[in-house]
Undergrad: 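Sending over a structure as structure tokens; questions will come in a sec.
Numbering of ligands and ligand atoms starts at 1, following listing order. Just so you know, residue 1 is the first one in the sequence shown, and it goes up from there.
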Amino acid sequence: MSAGTALIVGASRALGLGLATEYADRGWDVIGTVRGDRRTGLHELAEASGGRVTVESLDMTKPEEIDALRERLAERTLDLLFVNAAVTRGNIPVGEVPTEMFVEVMVTNALSPMRVIESFRSLVAPTGTIGVMSSRQGSLALNTRGGQDVYRASKSALNQLMRSYAARYADTSHTLLLMCPGHVRTELGGPDAPLTIDQSIPGVADTIDRHGGEPGLKFLNYQGQPVPW
Ligand SMILES: NC(=O)c1ccc[n+]([C@@H]2O[C@H](COP(=O)([O-])OP(=O)(O)OC[C@H]3O[C@@H](n4cnc5c(N)ncnc54)[C@H](OP(=O)(O)O)[C@@H]3O)[C@@H](O)[C@H]2O)c1
């Protein structure tokens, strides 16, 4: 018996791989995505999972890859669609950021998750959850110290786009979540972050599971607390 089916976008390593592992441990069938055909930690997890975890390929900045995956999964029903993937490109003041870098971070972190959500929403069960990994760095209210200008702006844009999405589909029964995992030691979070993946991910999954079946959009952290917009 499966506890449900989750599609986790960006599950090759770090928090995404942690989330795939956590849901597999909780008895879910997990479809995780990686970029390209490079071997990743998700492949190891899949091989040890007895069929519970499967690996799909997706670079979410490529619309044709989103369409192809949507086609491959057309017969599946998802209880959880979770877009974890994002990039950062260093702490550069916005006036010095090359245009291509600004576009890359915005397209990856704000536009691409929304394209995935718009494409896959019809596969999500009526009682299912659509989640995206945001960050407290995307909070306008909490930005009193600045820094990480473009990454912050991309997560603020993501939050804003999810609010527009929630308004556009106001009658949806889906649970909509923007999640902040805390500051975690990964390539993106850096070596000085206070939390390990194991200190963050169980709380992220508990928070997702606790709000299952509740329609409406929430911005929550890994401890289940609301994050100010
Ligand atoms: N770590 C933190 O402290 C922290 C705090 C707040 C929020 N977050 C958020 O948590 C999420 C995961 O962060 P992390 O620390 O685990 O980051 P990470 O170690 O840099 O891993 C990023 C993941 O995203 C994937 N990815 C990047 N671009 C992609 C694309 N175009 N298409 C598909 N997959 C792509 C990467 O795949 P590859 O292996 O192919 O590169 C990798 O699996 C992100 O949304 C991040 O913004 C992290």
Side-chain angles (χ1 to χ4, degrees), residues 7-22 30-46 55-70 81-91 101 103-117 119-120 131-139 142-143 147-148 150-159 161-162 177-201 203-205 207-208 219-223 225 227:
L7 171 60
I8 301 176
V9 172
S12 60
R13 56 192 167 92
L15 288 166
L17 177 59
L19 201 60
T21 307
E22 184 71 26
V30 177
I31 307 160
T33 76
V34 303
R35 286 192 282 187
D37 44 21
R38 186 174 48 91
R39 190 176 161 79
T40 72
L42 186 68
H43 293 84
E44 281 170 36
L45 179 68
V55 183
E56 287 284 353
S57 175
L58 176 65
D59 179 336
M60 67 175 182
T61 63
K62 297 184 174 156
E64 65 279 12
E65 292 196 14
I66 295 177
D67 291 347
L69 181 61
R70 175 66 180 74
L81 165 61
F82 195 90
V83 185
N84 168 72
V87 293
T88 184
R89 289 292 178 255
N91 187 10
M101 187 185 286
V103 171
E104 181 200 4
V105 175
M106 282 290 178
V107 167
T108 306
N109 295 1
L111 178 59
S112 300
M114 299 313 303
R115 282 183 169 153
V116 170
I117 289 167
S119 175
F120 284 83
V132 199
M133 206 67 108
S134 184
S135 169
R136 60 174 277 142
Q137 302 243 32
S139 165
L142 295 177
N143 185 6
Q148 301 290 343
V150 179
Y151 176 76
R152 271 185 196 277
S154 71
K155 292 296 190 181
S156 300
L158 171 68
N159 291 358
L161 290 167
M162 275 301 282
L177 296 175
L178 286 154
M179 291 300 308
C180 174
H183 190 193
V184 185
R185 285 196 289 283
T186 65
E187 190 175 319
L188 189 149
D192 299 327
L195 297 176
T196 63
I197 292 169
D198 288 346
Q199 288 170 324
S200 163
I201 282 298
V204 171
T207 303
I208 293 169
F219 184 14
L220 300 170
N221 70 16
Y222 73 106
Q223 294 170 310
Q225 298 154 337
V227 184

Undergrad: At under 4.0 Å between heavy atoms, which part of V34 makes contact with ligand 1: side chain, backbone, both or neither?
TA: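 Near ligand 1, V34 shows nothing, with every heavy atom at 4.0 Å or more.
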Undergrad: Taking 4.0 angstrom as the limit and counting only heavy atoms of G189, give me the atoms of ligand 1 inside it, by number and element.
TA: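 Those of ligand 1 that fall under 4.0 Å from G189 are 1 (N), 2 (C), 3 (O).
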Undergrad: Can you tell if the side chain of T108 reaches within under 4.5 Å of the side chain of M60, non-hydrogen atoms only?
TA: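 The answer is yes; the side chains approach within 4.5 Å.
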Undergrad: Which one of G182, S135, A86 has a non-hydrogen atom at the shortest distance from atom 5 (C) of ligand 1?
TA: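 It is G182 whose heavy atom sits nearest to atom 5 (C) of ligand 1.
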Undergrad: Atom 18 (P) of ligand 1: which protein heavy atom is closest, and how many Å away?
TA: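 Looking only at protein heavy atoms, the one closest to atom 18 (P) of ligand 1 is R13 NH1, 3.5 Å.
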Undergrad: Does an N or O from L15, backbone or side chain, lie closer than 3.5 Å to an N or O of ligand 1?
TA: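 Among all N and O atoms of L15, at least one is under 3.5 Å from an N or O of ligand 1.
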Undergrad: For R70, is the CZ atom crowded, meaning more than 12 foreign heavy atoms sit under 6.0 Å from it?
TA: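 Yes - once you tally the heavy atoms of other residues, nucleotides and ligands closer than 6.0 Å, there are more than 12.
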Undergrad: Do R115 and P63 have side chains that get closer than 4.5 Å, going by heavy atoms?
TA: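 With C-beta onward as the side chain, the pair touches.
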Undergrad: Could you tell me whether a side-chain N or O of N109 sits under 3.5 Å from a main-chain N or O of A86, the two making a donor and an acceptor?
TA: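 Checked: no pair found.
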Undergrad: Less than 4.5 Å apart, any side-chain heavy atom of V107 and any of S112?
TA: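 Touching, per the 4.5 Å side-chain cut-off.
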Undergrad: Give the residue and atom name of whichever protein heavy atom lies nearest to atom 40 (O) of ligand 1, and the separation in Å to one decimal.
TA: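 Its nearest protein heavy-atom neighbour is R35 NE, 2.9 Å.
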Undergrad: Which protein heavy atom lies closest to atom 10 (O) of ligand 1, and at what distance to 0.1 Å?
TA: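 Scanning the protein heavy atoms, the shortest distance from atom 10 (O) of ligand 1 goes to M133 CG, 3.1 Å.
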Undergrad: For the 3.5 Å polar cut-off, considering only N or O atoms, please tell me whether T108 and ligand 1 meet it.
TA: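 T108 vs ligand 1: no N/O contact under 3.5 Å.
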Undergrad: Using side-chain heavy atoms (C-beta onward) and a distance below 4.5 Å, is M162 in contact with V132?
TA: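 They are in side-chain contact.
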Undergrad: Report yes or no: does R136 have a heavy atom closer than 4.0 Å to ligand 1?
TA: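 So R136 does not count as touching ligand 1.
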Undergrad: Could you check whether E187 pairs with R13 (Lys NZ or Arg NE/NH1/NH2 to Asp/Glu carboxylate O, under 4.0 Å)?
TA: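 A salt bridge links E187 with R13.
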Undergrad: Say whether, by atom type as modelled, one donor and one acceptor occur between the side chain of R152 and the main chain of G147 under 3.5 angstrom.
TA: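 Checking the backbone N and O of G147 against the side chain of R152, a donor-acceptor pair under 3.5 Å is found.
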Undergrad: Considering only protein heavy atoms, which is closest to atom 35 (C) of ligand 1, and at what distance to one decimal place?
TA: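 Sorting protein heavy atoms by distance from atom 35 (C) of ligand 1 puts A85 CB, 3.4 Å first.
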Undergrad: Counting from 1, what ligand 1 atoms have a heavy atom of L58 closer than 4.0 Å?
TA: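 Within the 4.0 Å cut-off of L58, ligand 1 contributes 32 (N), 33 (C).
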Undergrad: With heavy atoms of R38 as the reference, note each atom of ligand 1 found under 4.0 Å away.
TA: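 That gives atoms 38 (P), 39 (O), 40 (O) of ligand 1.
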Undergrad: Would you say C180 contacts ligand 1, with heavy atoms under 4.0 Å as the rule?
TA: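 In this structure, C180 fails to qualify as a contact of ligand 1 - no heavy atom is under 4.0 Å.
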Undergrad: Measure the shortest side-chain to side-chain distance between S200 and P181 over non-hydrogen atoms and say whether it is less than 4.5 angstrom.
TA: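 Touching, per the 4.5 Å side-chain cut-off.
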Undergrad: Check S134 against ligand 1 and report side chain, backbone, both or neither, counting heavy atoms closer than 4.0 Å.
TA: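 Looking at S134 and ligand 1, just backbone atoms fall under 4.0 Å.
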Undergrad: Polar contacts were defined as any N/O atom of the residue lying under 3.5 Å from an N/O atom of the ligand; does this apply to T186 and ligand 1?
TA: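 There is such a contact, yes.
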Undergrad: Please name the pair of heavy atoms, one in V184 and one in I197, separated by the smallest distance, quoted to 0.1 Å.
TA: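 Nearest pair, atom of V184 first, then I197: CG1-N, 3.6 Å.
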Undergrad: If we ignore hydrogens and angles and just use 3.5 Å, is the side chain of E65 paired with the main-chain N or O of D59 as donor and acceptor?
TA: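 At least one qualifying donor-acceptor pair exists.
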Undergrad: Determine yes or no for a side-chain-to-main-chain donor-acceptor pair under 3.5 angstrom, with H183 supplying the side chain and G189 the backbone.
TA: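 Yes; judged by distance alone, with no hydrogens or angles, the pair exists.
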Undergrad: Can you pull out the closest protein heavy atom to atom 17 (O) of ligand 1? Residue, atom name and distance to 0.1 Å, please.
TA: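 Result: L188 CB, 3.4 Å.
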Undergrad: Do Y151 and L188 make a side-chain contact, defined as non-hydrogen atoms from C-beta onward lying under 4.5 Å apart?
TA: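 Yes, side chains in contact.
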Undergrad: Can you sort out which atoms of ligand 1 are near H183, meaning under 4.0 Å from one of its heavy atoms?
TA: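 With H183 as reference, the close atoms of ligand 1 come out as 3 (O).
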Undergrad: Which atoms from ligand 1 have a heavy atom of G10 less than 4.0 Å away?
TA: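 That gives atoms 43 (O) of ligand 1.
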Undergrad: Using side-chain heavy atoms (C-beta onward) and a distance below 4.5 Å, is F82 in contact with L177?
TA: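 No, side chains not in contact.
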Undergrad: Under 3.5 Å, N or O to N or O, is V184 touching ligand 1 that way?
TA: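 Checking ligand 1 against V184, an N or O pair does fall under 3.5 Å apart.
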Undergrad: Output yes when the distance from some N or O of ligand 1 to some N or O of M60 is under 3.5 Å, and no in every other case.
TA: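 Yes: some nitrogen or oxygen of M60 is under 3.5 Å from one in ligand 1.
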Undergrad: Could you check whether any heavy atom of S200 sits closer than 4.0 Å to an atom of ligand 1, since that is the contact criterion I want to use?
TA: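 S200: no contact with ligand 1 (<4.0 Å).
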Undergrad: Is there side-chain contact between V34 and R38, with at least one heavy-atom pair below 4.5 Å?
TA: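 No, their side chains stay 4.5 Å or more apart.
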Undergrad: Nearest protein heavy atom to atom 43 (O) of ligand 1, by residue and atom, and its distance?
TA: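 Among all protein heavy atoms, the one nearest atom 43 (O) of ligand 1 is S12 OG, 2.7 Å.
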Undergrad: Give the atom numbers and elements of ligand 1 that come within less than 4.0 Å of a heavy atom of V87.
TA: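 The atoms of ligand 1 under 4.0 Å from a heavy atom of V87 are 27 (C), 28 (N).
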Undergrad: Just need the protein heavy atom nearest to atom 31 (N) of ligand 1, so name the residue and atom and give the distance.
TA: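 Heavy-atom neighbour on the protein nearest atom 31 (N) of ligand 1: D59 OD1, 2.9 Å.
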Undergrad: Under 4.0 angstrom from ligand 1, any heavy atom of Q137?
TA: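 No, Q137 has no heavy atoms under 4.0 Å from ligand 1.
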Undergrad: Suppose we measure from atom 44 (C) of ligand 1 to each protein heavy atom; which comes out shortest, and what is that distance?
TA: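 It is N84 O, 3.1 Å.
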Undergrad: Between ligand 1 and Y151, is the shortest N or O to N or O distance under 3.5 Å?
TA: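 In this structure, Y151 places an N or O atom under 3.5 Å from an N or O of ligand 1.
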Undergrad: To the closest 0.5 Å, what do you measure between CG (L69) and OG1 (T33)?
TA: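 If we round to the nearest 0.5 Å, L69:CG and T33:OG1 are 7.5 Å apart.
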